[in-house]
Amino acid sequence: MSASILTARNLSKVVPGAEGDLHILHALSLDLRAGDSLAIVGASGSGKSTLLGLLAGLDQPSAGEVTLAGHGLAGLSEDQRAQVRAEHVGFVFQSFQLLESLTALENVMLPLELHDRADARQQAATLLQRVGLGERLSHWPRQLSGGEQQRVAIARAFAAEPSVLFADEPTGNLDTHTGEKITDLLFALNRERGTTLVLVTHDERLAQRCARRIRLEAGHLVATEQL
Ligand SMILES: Nc1ncnc2c1ncn2[C@@H]1O[C@H](COP(=O)(O)OP(=O)(O)OP(=O)(O)O)[C@@H](O)[C@H]1O
Ligand SMILES: [Mg+2]
């Protein structure tokens, strides 16, 4: 059995609100091993994106602890967490977050250049071809459709060969055919490189392909399923 790559212990998130504290997540625990795939499902507002941000070290919990690739995130500074993310994490946001001043190709090259990859341009072009955007390399994000921007974001997340890939609704804006191609690509990465996948999704087919599924209801983990 491979080692834990991602564990959460009693993770809670509370934010101040106009009518008092808002409890977004309630003492949530999970444990993933290298090569696992996890789908997080639940209604809008149930806390899925919040959980993803905590697991990836983008946000800090109010209580509880995340250990990512052997690093206890609670004890780290913001810079140190950024370092752990750069080394181990790929993230596809619900709102893509492409850099508007960079072309599709340059957006995907960025993480490769940060890793000092000499073949960054070629690698980035290959990744964009794999997501079906070989003809869109020099387009600016604003010239791309929502689904195309999403595919650039996915290519960018793949680029650094992360140990854990977090994706928030990776097929949310895509038609069935393109969504399936992206899903195939995610699981090819999972198989070929042992990349752990943590996916928020409303897409039942995508959730069914994950080895594990958890459901959130109003910030509570209400069901865990393992294949
Ligand atoms: N920084 C914040 N301040 C206040 N409330 C927040 C904050 N972040 C999230 N929330 C609230 O927490 C709840 C969970 O939000 P979250 O974005 O995690 O939901 P979600 O499950 O990802 O929903 P969706 O499926 O619509 O993306 C929502 O009610 C949201 O309004
Ligand atoms: Mg969300």
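Ligands are counted one by one from 1 in listed order, and the atoms in each one are counted from 1 as well.
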_Inter- and intrachain pairs under side-chain hydrogen bond (donor to acceptor under 3.5 Å, both in side chains), touching residues 16-26, at least two apart_ =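 Pairs touching residues 16-26 that pass the test: none.
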When you measure from [atom] to each heavy atom in [options], which option holds the nearest one?
atom	options	value
atom 19 (O) of ligand 1	Ala18, Ser95, Gly172, Gly47	Gly47
atom 26 (O) of ligand 1	Pro16, Ala218, Ser44	Ser44
atom 10 (N) of ligand 1	Asp168, Ile24, Val14	Ile24

Going by atom types only, do [X] and [Y] share a side-chain donor-acceptor pair under 3.5 Å?
X	Y	value
Asn190	Thr195	no
Thr196	Asp36	no
Thr171	Asp203	yes

Using a strict 4.0 Å cut-off to heavy atoms of [X], name the atoms of ligand 1 that fall inside it.
X	result
Val15	3 (N), 4 (C), 5 (N)
Ser49	17 (O), 18 (O), 20 (P), 22 (O), 27 (O)
His202	25 (O)

Could you identify the single nearest non-hydrogen protein atom to [atom] and state the distance to 0.1 Å?
atom	answer
atom 16 (P) of ligand 1	Thr50 OG1, 3.6 Å
atom 23 (O) of ligand 1	Gly45 N, 2.8 Å
atom 27 (O) of ligand 1	Gln94 NE2, 2.8 Å
atom 25 (O) of ligand 1	Lys48 NZ, 2.7 Å

_Could you list the cluster mates of Leu99? Members are the ILVMFWY residues connected by side-chain heavy atoms closer than 4.5 Å, either directly or through other members._
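Leu102, Leu110, which link up through side-chain heavy atoms under 4.5 Å apart, make up the rest of the cluster.
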*With sequence neighbours excluded, what pairs up with Arg85 under the salt bridge (charged side-chain N to carboxylate O under 4.0 Å, His left out) test?*
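Testing Arg85 for salt bridge (charged side-chain N to carboxylate O under 4.0 Å, His left out), a comparison that skips the adjacent residues, returns Glu78.
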*Give a yes/no verdict on whether any heavy atom in Ala43 is under 4.0 Å from an atom of ligand 1.*
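Yes, that is the case, since the closest heavy atom of the residue is under 4.0 Å from the ligand.
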_Tell me whether Gly42 reaches ligand 1 (any heavy atom closer than 4.0 angstrom to a ligand atom)._
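It does not; every heavy atom stays at 4.0 Å or beyond.
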*What protein atoms of element N, O or S are positioned under 2.8 Å from the Mg ion (ligand 2)?*
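As for protein N, O or S atoms lying under 2.8 Å from the Mg ion (ligand 2), they are Ser49 OG, Gln94 OE1.
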*Quick one: do Asp184 and Arg209 satisfy salt bridge (Lys or Arg N to Asp or Glu O under 4.0 Å)? Show the steps, please.*
CA-CA 10 Å; Asp184 287 346; Arg209 281 183 67 174; 2.7 Å; yes
*Electrostatic pair Arg205-Glu180, nearest N-O below 4.0 angstrom*: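 Looking at Arg205 and Glu180, the cut-off is met.
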*Under the criterion side-chain contact (heavy atoms from CB on, under 4.5 Å), which of Leu112, Asn107, Val131 is the partner of Arg156?*
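Only one option passes, and that is Asn107.
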*Among Gln150, Glu106, Gln149, which residue meets the side-chain contact (heavy atoms from CB on, under 4.5 Å) test with Leu98?*
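Option passing the side-chain contact (heavy atoms from CB on, under 4.5 Å) with Leu98: Gln149.
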_Test of understanding: given a 4.0 Å heavy-atom threshold, classify the contact between Glu169 and ligand 1 as side chain, backbone, both, or neither._
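The answer is neither.
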_Region of Leu22 that comes within reach of ligand 1 [heavy atoms, distance under 4.0 Å]_ =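 The answer is the side chain of Leu22.
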_Counting C-beta onward and ignoring hydrogens, is there a side-chain heavy-atom pair between Leu38 and Phe166 closer than 4.5 Å?_
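They are not in side-chain contact.
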*Measure the shortest side-chain to side-chain distance between Val14 and Ile24 over non-hydrogen atoms and say whether it is less than 4.5 angstrom.*
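When only atoms from C-beta onward are counted, Ile24 and Val14 do not touch, as no gap falls below 4.5 Å.
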*Residues, nucleotides or ligands: over 12 heavy atoms within 6.0 Å of Glu217 CD*: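 For Glu217, atom CD is not crowded (no more than 12 foreign heavy atoms under 6.0 Å).
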*Protein heavy atom under 4.0 angstrom of atom 30 (C) of ligand 1, is there one?*
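It does not; no protein heavy atom is within 4.0 Å.
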